[in-house]
Amino acid sequence: MAYEALLEAARHMIDAALSGMPRVEYVVEPARPGFGDASSNAAFLMSGAMKMRPAELAARIAERCRPGGLVSGVEAHPSGYLNVRADWDVLSGRIMESCMSAGYGGGFGSRSTVVEHTSVNPNKALHIGHVRNVVIGDTISRILRKAGDRVTVLNYVDDSGLQVADVVLGFTQMGYDTEPPPGKKFDAYCGDVVYVGVTERAGDDPGLKEQSRKILADIERGDTESAKVAAEVTRRVLADQLETCWSLGVRYDMLNYESQVVRSGLWRTAFGKMKEMGMATLAREGENAGCWVIRDKVIVRSNGTATYMAKDIPYAAWKMGLVEDPFTYREYGAQPDGTMLYESVLEGGRRMEREAADRVITVIDSRQADLQKTVSDIMERFGGGEYIHLGYEAVTLSAATARTLGVQTHTGSQMSGRRGIYVGADQMYAKLRDRAAEETYKRNPDMNEDMVDAISRAVAVGAIRYEMIRQDLGRAITFDMERSTRLEGDTAPYLQYSHARARRILERAASEPDYTGDMSVLIQNKERAMLRLLGMYNIVVGDAYRNLSPKVVARYCHDLAVAFNTFYESYKVIGAGDLENARLCLTGAFCSVISDALGVLGIPAPERM
RNA sequence: GGGCCCGUAGCUCAGCAUGGACAGAGUGUUGGACUUCUAAUCCAGUGGUCAAGGGAUCGAAGCCCUUCGGGCCCGCCA
């Protein structure tokens, strides 16, 4: 709260100084370094109405300001800005207090939010493209939870699509063994060997394609041998995929299955509603003759089967809580973080109270923006909360990395599970873990293996997660193996390392920091820079929350780590005499805030590295 | 043909929502700093017609329009 209090105090002061002048919507924001502690653009905005140059007007306003409380002074900059100085004797202590108070940074949200992410076809292992989805989704749900929302995280398992039909075809009619070769996870085997193999052979074999379609229909019917095999296969793949996600620190509340949505009757309800409301119409002529369509998009084929989007609509309505719940629920299993993962079932589970969602956030890459727009429009017509498609640009492979996978290219390449061209999530994780273990061992030759292992995992998880969210969601990631295995510079290990350094100081200090002590002795620029950032944590979380933007938190962590490392290199903490306690507190507050912020990103903050 | 995203330093990216103070990081490159709380670090130097053009504005990397370049979507696939 601390910095917000300063901004409020400054606004109060300026408001008073502005009385009698034209009202404008000016801002008071944290100042850029070197320009005081808070800045306002009031003079710029009023210069037109007052017929004065901004600089003159700023000087006039500054004169009329009466500093007090957290504000110690105000100056008019020749540029026209009003620069506000804080009373650091007071502010330092306030910031320290906030940093060490429970729940600092969040607690302002109160919505009920449903987040769906991951939702990878259960016929293959996750690749790094999927990982971006998983990490964005998990990070968003952490931001929402930090803010104070009640969050339910869903993973939608498309266990009745064509991709599943293909692998069922492979297992039942093409003689693929149901057991993977030793050392290969089932999900990877299913994707790399069976799926790739089937699609390769089906490419020039219309007979196989036809069989695959027949299997798909059988799966949808439910009581067939194909449906049984599909259920077994997708269960096994799902279990392996969840292992991958869990290893990255991701958690869910519930699994939903497309097969259940199809058989639940939800579709009939939603379809009926759309017909009633005139959204869905039966095309009588033209190329879509015999199909039910919404705005030229086919939702029911002429043979009566539903398309992908048609399955999405009832699920969306269910997520929003707009239809009667046809499901019951049971425990899928405990997750590594100790929470229980539930799954929906059509019979045999318990009923569960569900709160209607204020908003539903669906994380899917931007290539599906059109379809999501349609779903979103339909949900709006249905009424209820907000349906948000959180899109992001996909991950592509750099030319160099694509070449190592056997793709001839000079420009980079899209990944393709179907063709087996991708970087696996598990492989990437293992590679980073090995690298991190090497580095950890180098620095800590006497450390026991378990600890080295724990640190390497933390570093690997951090490195992957940070890569996936540090840039804007609207920017495509060109994945390069070389660059992505770096552990220096603007990477998670840098942030984790700064935390470990700080922990070490606290560990070595003769006494615990006394946070009620006098903080007014922290007068150095580098100390103030840290305090300023520490005091802005809640502003940052608020920004990330409003804009559903993980990168905001990532950049904050980076700024904070830079500030600490700069401080660390310049000043002693232990043995700093009168300054020792205050600096210990600064170090402690840094640990507290950055580990919390890293936690929001799902990045562990090890004690040592 | 219609629509979405991107274009800022050699490379990877912030900044654009809410226009104002010298366009910032990382990486690369050059030089420097470990008998001192971990050098996965830090300091200094290097590096920019903010894709181009026009418009509105006292003021544009940011807003509007146009053009160019790159990626993607528009299926009775999912």
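Please read all numbers here as calculations on a predicted model, not as lab measurements. Residue numbers start from 1 in every chain, and the chains themselves are labelled A, B, ... in the order their sequence lines are given, proteins ahead of strands.
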With ring centroids as reference points, do H558(A) and Y494(A) lie under 6.0 angstrom apart? yes

Reading nucleotides 24-34 of chain B from the 5' end, what letters show protein touch, with B for base, S for backbone sugar-phosphate only, - for no heavy atom under 4.0 Å? -SSS-------

Q496(A) CD to rU41(B) P: how many Å, rounded? 12 Å

Quick check against the 3.5 Å criterion: does S119(A) have a side-chain atom that pairs as donor or acceptor with the backbone of Y156(A)? yes

I'd like to know if D37(A) pairs up with R85(A) as an ion pair, taking the criterion as any Lys NZ or Arg NE/NH1/NH2 lying under 4.0 Å from an Asp or Glu carboxylate oxygen. no

Classify the side chain of S498(A) and the base of rA40(B) as holding, or not holding, a donor-acceptor pair under 3.5 Å. no

Report the secondary structure of RNA chain B in dot-bracket form, marking unpaired bases with a dot and bases paired to a different strand with |, and treating Watson-Crick or G-U pairs with both distances under 3.5 Å as paired. (((((((..((((......[...))))(.((((.......)))).)....(((((..]....))))))))))))....

Interatomic distance at C1', rA52(B) relative to rG70(B), whole Å: 15 Å

D365(A)/R132(A) salt bridge by N-O under 4.0 Å criterion: no

According to a cutoff of under 5.5 Å between the ring centres and under 30° between the ring planes, does F35(A) stack with the base of rA21(B)? no

note: Y441(A), atom OH; rA40(B), atom P; distance rounded to Å ~ 17 Å

Considering only NZ, NE, NH1 and NH2 on the basic side and carboxylate oxygens on the acidic side, decide whether R583(A) and E527(A) come within less than 4.0 Å. yes

Tell me whether E467(A) is salt-bridged to R486(A), with the criterion being a basic N under 4.0 Å from an acidic carboxylate O. no

Cation-pi geometry met for K275(A) and F271(A) (6.0 Å, 45°): yes

Please report, rounded to the nearest Å, how far the C1' atom of rC13(B) is from the CG atom of D559(A). 14 Å

Heavy atoms of M468(A) and I128(A) approach each other most closely as CE-O, 3.8 Å

Below 4.0 angstrom from OP1 or OP2 of rU38(B), is there any side-chain N or O of R501(A)? no

Has the side chain of T401(A) got a donor or acceptor atom that lies under 3.5 Å from a matching backbone atom of S398(A)? no

Can you check the distance between rG15(B) and rA25(B), where both ends of the measurement are the P atom (answer in whole Å)? 15 Å

Considering every strand and a 4.0 Å limit on heavy-atom distances, what is the contact class for R213(A): base, sugar-phosphate, or nothing? sugar-phosphate

With the threshold set at 4.0 Å, does a side-chain nitrogen-carboxylate oxygen contact exist between E8(A) and R11(A)? no

Round to the nearest Å and state the distance from Y497(A) atom OH to rU41(B) atom P. 7 Å

Looking only at atom C1', what distance separates rA14(B) and rA9(B), rounded to whole Å? 13 Å

Enumerate the protein-to-nucleotides 4-7 of chain B contacts in which both atoms are nitrogen or oxygen and the separation is below 3.5 Å.
{"residue": "rC5(B)", "atom": "O2'", "partner": "G474(A)", "partner atom": "O", "Å": "2.4"}
{"residue": "rG7(B)", "atom": "OP1", "partner": "R475(A)", "partner atom": "NH2", "Å": "2.8"}

Do F590(A) and F567(A) have ring centroids that are under 6.0 Å from one another? no

